[in-house]
Amino acid sequence: SPRPLQAGKKYFLKHGAQTVQSMVTSVDGKVDIRSYESDPDVTELVLNDIGDIRIKTTRPLIYDDYKVNRMTGSFILIEQGSNQTVAAGMLYPAAELFVAEYSDFAI
C-alpha cells in the first residue's frame with residue numbers, strides 16, 4: 001500500500017482463516033538494508049521497509065513461531081477503510097502470556 005504503517009492506527013489482522021481487529025501499538029525499529037542495523041527512531045514503515053512492530057489484537061491468536069511453522073506464524077495487516085494490504089509479517093514467540101481480565105467463571 002502507498003500509505004505507511006503507523007503506530008496507533010487500527011488494522012484488520014488476517015491470520016490463517018480468521019480476521020481480527022488489531023492496533024499497532026508501537027514501531028520498534030526499521031532495518032537499514034545496506035548495513036542491517038536497526039534504526040529505533042522511526043514512527044512509521046513505508047513501502048518495502050522491514051521493521052519490528054508490536055500489535056494488540058481484540059482476540060487472542062493461536063499461533064506458532066514463524067521459525068517452527070511458516071503457515072501459522074505469518075499474517076497480513078489490512079487497512080480498514082480501503083481493504084488494502086499494508087504489511088505482511090512473521091510472528092515471534094509471545095513477549096507475555098495472555099492473562100484473562102476476569103477471574104470468575106460460572107459453569
Side-chain angles (χ1 to χ4, degrees):
S1 173
R3 294 190 181 142
L5 181 134
Q6 299 172 330
K9 197 166 179 190
K10 294 181 182 179
Y11 298 97
F12 289 123
L13 185 142
K14 179 137 176 75
H15 175 255
Q18 68 176 337
T19 302
V20 297
Q21 286 189 344
S22 65
M23 183 173 74
V24 175
T25 57
S26 68
V27 178
D28 294 341
K30 179 176 99 171
V31 177
D32 181 5
I33 298 300
R34 291 176 187 83
S35 66
Y36 297 112
E37 304 260 335
S38 181
D39 178 13
D41 299 326
V42 292
T43 58
E44 62 185 23
L45 296 174
V46 296
L47 190 65
N48 294 329
D49 277 348
I50 299 172
D52 290 324
I53 62 171
R54 291 190 181 271
I55 301 172
K56 187 169 189 167
T57 59
T58 56
R59 287 184 289 166
L61 294 177
I62 308 299
Y63 69 93
D64 294 314
D65 183 5
Y66 184 80
K67 293 177 186 176
V68 174
N69 187 339
R70 293 188 322 177
M71 295 299 289
T72 61
S74 60
F75 67 94
I76 61 171
L77 289 178
I78 302 167
E79 190 173 39
Q80 291 186 354
S82 65
N83 286 335
Q84 290 184 338
T85 300
V86 176
M90 300 177 282
L91 295 164
Y92 292 128
E96 57 189 53
L97 295 176
F98 171 75
V99 179
E101 296 178 2
Y102 47 84
S103 60
D104 295 334
F105 292 95
I107 297 178

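These numbers come from the heavy atoms of this one structure, side chains and all, not from hydrogens, waters or symmetry mates. Every value quoted in this text rests on a predicted model; they were computed, and no experiment measured them.
Checking Ile55, Leu61, Val20 one by one against Phe75, the side-chain contact (heavy atoms from CB on, under 4.5 Å) holds for a single residue, Ile55.
Hydrophobic clustering, with ILVMFWY side chains joined whenever heavy atoms are under 4.5 angstrom apart, groups Val24 together with Val42.
At least one side-chain heavy atom of Leu45 sits under 4.5 Å from a side-chain heavy atom of Val27. Residues Leu77 and Ile53 form a side-chain contact, since some pair of their non-hydrogen atoms from C-beta on lies under 4.5 Å apart. Annotation: side chain of Thr57 is not in contact with side chain of Gln21 (no heavy-atom distance under 4.5 Å).
Here the CG-OG1 distance, from Asp41 to Thr43, works out to 10.0 Å after rounding to the nearest 0.5 Å. One distance of note links NE2 of His15 with CD1 of Ile76; it measures 11.5 Å at 0.5 Å rounding. Expressed to the nearest 0.5 Å, how far NZ of Lys9 lies from CZ of Arg3 amounts to 6.0 Å. Interatomic distance, Ser38 OG to Ile50 CD1, rounded to the nearest 0.5 Å: 11.5 Å. Taking CZ of Phe12 as the reference point, atom OG of Ser22 lies at 9.0 Å (rounded to 0.5 Å). One distance of note links CG of Asp28 with CG of Asp39; it measures 12.0 Å at 0.5 Å rounding.
Taking a 6.0 Å sphere around CD1 of Ile33, one finds it holds more than 12 heavy atoms contributed by other residues, nucleotides or ligands.
Distance alone, capped at 3.5 Å, is enough to place a donor-acceptor pair between the Thr25 side chain and the Arg54 backbone. Checked by atom type and distance alone, the side chain of Arg59 pairs as donor or acceptor with a backbone atom of Thr19 at under 3.5 Å. No donor-acceptor distance shorter than 3.5 angstrom exists from the side chain of Lys30 to the backbone of Asp32, with no hydrogens or angles considered. Remark: the backbone N or O of Ala87 is not paired with any side-chain donor or acceptor of Tyr11 at under 3.5 angstrom.
When every heavy atom of Tyr92 is checked against every heavy atom of Tyr63, the shortest pair comes out as O-OH, 3.0 Å. The two atoms that bring Met71 and Ser74 nearest to each other are O-OG, 3.7 Å, heavy atoms only. Between Ser26 and Ala7, the closest heavy-atom pair is CA-CB, 4.0 Å. Contact between Pro2 and Gln84 at its shortest, heavy atoms only, is CD-OE1, 4.0 Å.
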